[in-house]
There are 2 protein chains.
Amino acid sequence: MPKPDAATLLREAGLRVTQQRVAVLGALTDSPHADVETIAVATRVTLGTVSTQAVYDVLRALTDAGLARRIEPAGSPARFELRVGDNHHHVVCRSCGAIADVDCAVGQRPCLTASDAHGFVIDEAEVTYWGLCPDCSARTTTDPHPWKEAQ
Amino acid sequence: MPKPDAATLLREAGLRVTQQRVAVLGALTDSPHADVETIAVATRVTLGTVSTQAVYDVLRALTDAGLARRIEPAGSPARFELRVGDNHHHVVCRSCGAIADVDCAVGQRPCLTASDAHGFVIDEAEVTYWGLCPDCSARTTTDPHPWKEAQ
DNA sequence: TTCCTAGTCTTGAACTGTTCCAGAAAAGGT
DNA sequence: ACCTTTTCTGGAACAGTTCAAGACTAGGAA
């Protein structure tokens, strides 16, 4: 049961229920942190044909409605996840780009305390941890910089 | 004296000293967090004509050599700064894109402690604070969402 | 000093991720 | 079942960035 009531979710957010939206929600449920291309492919497996623009439109609608969150690690195309509302962060693998969720270590909004905000009114602190995922880390033990050559 | 010995800086990093590199270093000194376009314009003021690719190449060389750091807030083109080596972060204005430096509040590498890294080997924690800069914040007091209409 | 060569810069084209546009199609209230 | 509004399709456009081939130059060798 990978899609726990996508239709209701959409309706409650004030969005129309369309095949594309349900399919995209399903794709996001199956693979969190997926990029647009991945989501489009997964959606096409479900529906047959879906234009790339429809996927972008759906993702924008979901993001605006607060059902999805857009994350953009430097150097990567945009990725999307359904986990919203909680203050969690991400670890990104420098080698393969894999992303995993990381809960905030200290309380609910720890990092919101900047030492000197220069007068900025801060409303969010986004933390991105950079490193190597378990797989790439293991591979690196034998080959120091696998991703610098052919990958 | 805005350029404290750019030539030496380059030489010590094992890089050739070229007009373009010196000029780009100067531009970065004058305006930290500048994007490529801004740097290119500033460089042309100094040298007359410089190709965009030369600017990209120089920035890549500087970044690889550890003289500059590339930062990419979501939704913004890449920006560069000369402040490297210390563990500092950034505040980004959601309205105008302005960026300011923020020193780490807790010790030297506070946020490196993720609650559960899922087996990732983390080597850096990047914190981006999002909010409104003083100017935009003041403007928002009278007009709730100025940046959603014409900007 | 002059010459040579690896390393740089220029010009121009290509590429990726994303957005814009106009018209066709579909959702859902009446 | 119909009509209005929203959404989707297909195609074009766009920004930021990178690639490629040749001209140029900084800086060490002769």
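Order of the sequence lines fixes the chain letters, A, B, ..., with proteins taken first and strands second; residue numbering starts at 1 for each chain. Remember, predicted model here, so these are calculated numbers, not experimental data.
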Check: In residues 13-21 of chain B, what residues come within less than 4.0 Å of DNA chain C, judged by heavy atoms?
Finding: Arg16(B), Thr18(B), Gln20(B), Arg21(B)
Margin query: Measure CG/Leu10(A) against P/dA27(C) and give the value in whole Å, please.
Written below: 13 Å
Checklist line | Criterion side chain to side chain contact (heavy atoms under 4.5 Å, CB included) against Ile39(A), the qualifying member of Val36(A), Asp35(A), Thr43(A) | finding: Thr43(A)
Check: How would nucleotides 15-20 of chain D be written as a contact map, 5' to 3', with B for base contact, S for sugar-phosphate-only contact and - for no contact, using protein heavy atoms under 4.0 Å?
Finding: -SBBB-
Could I get a table of every N or O pair under 3.5 Å where one atom is in the protein and the other is in nucleotides 22-24 of chain C?
none

Checklist line | N or O in side chain of Arg11(A) less than 4.0 angstrom from dA27(C) OP1/OP2 | finding: no
Check: How close or far is atom P of dT7(D) from atom CG of Leu47(A), stated in whole angstroms?
Finding: 17 Å
Check: Where is the tightest heavy-atom contact between Val102(A) and His90(A), given as atom of each residue plus distance?
Finding: CG2-C, 4.3 Å
Notebook entry, point to check: Is it the case that Asp101(A) and His33(A) place a side-chain donor and acceptor less than 3.5 Å from each other?
Noted result: yes
Next item on the list: Note the angle between the end axes of the helix from dT1(C)-dA30(D) to dT30(C)-dA1(D), five pairs defining each, rounded to 10 degrees.
Entry: 30°
Less than 3.5 Å apart, which donor and acceptor atoms pair up between the side chains of residues 62-69 of chain B and the rest of the protein, not counting sequence neighbours?
unit_1, atom_1, unit_2, atom_2, d
Thr63(B), OG1, Leu59(B), O, 2.6
Arg69(B), NH1, Glu81(B), OE2, 3.4
Arg69(B), NH1, His88(B), O, 3.4

Item checked: Gap separating the SG atom of Cys133(A) from the CZ atom of Arg94(A), nearest 0.5 angstrom -> 13.0 Å
Name the pairs: protein N/O against N/O of nucleotides 1-3 of chain C, kept only if under 3.5 Å.
none

Notebook entry, point to check: Does Arg83(A) come within less than 4.0 Å of Asp103(A), counting only side-chain N to carboxylate O?
Noted result: yes
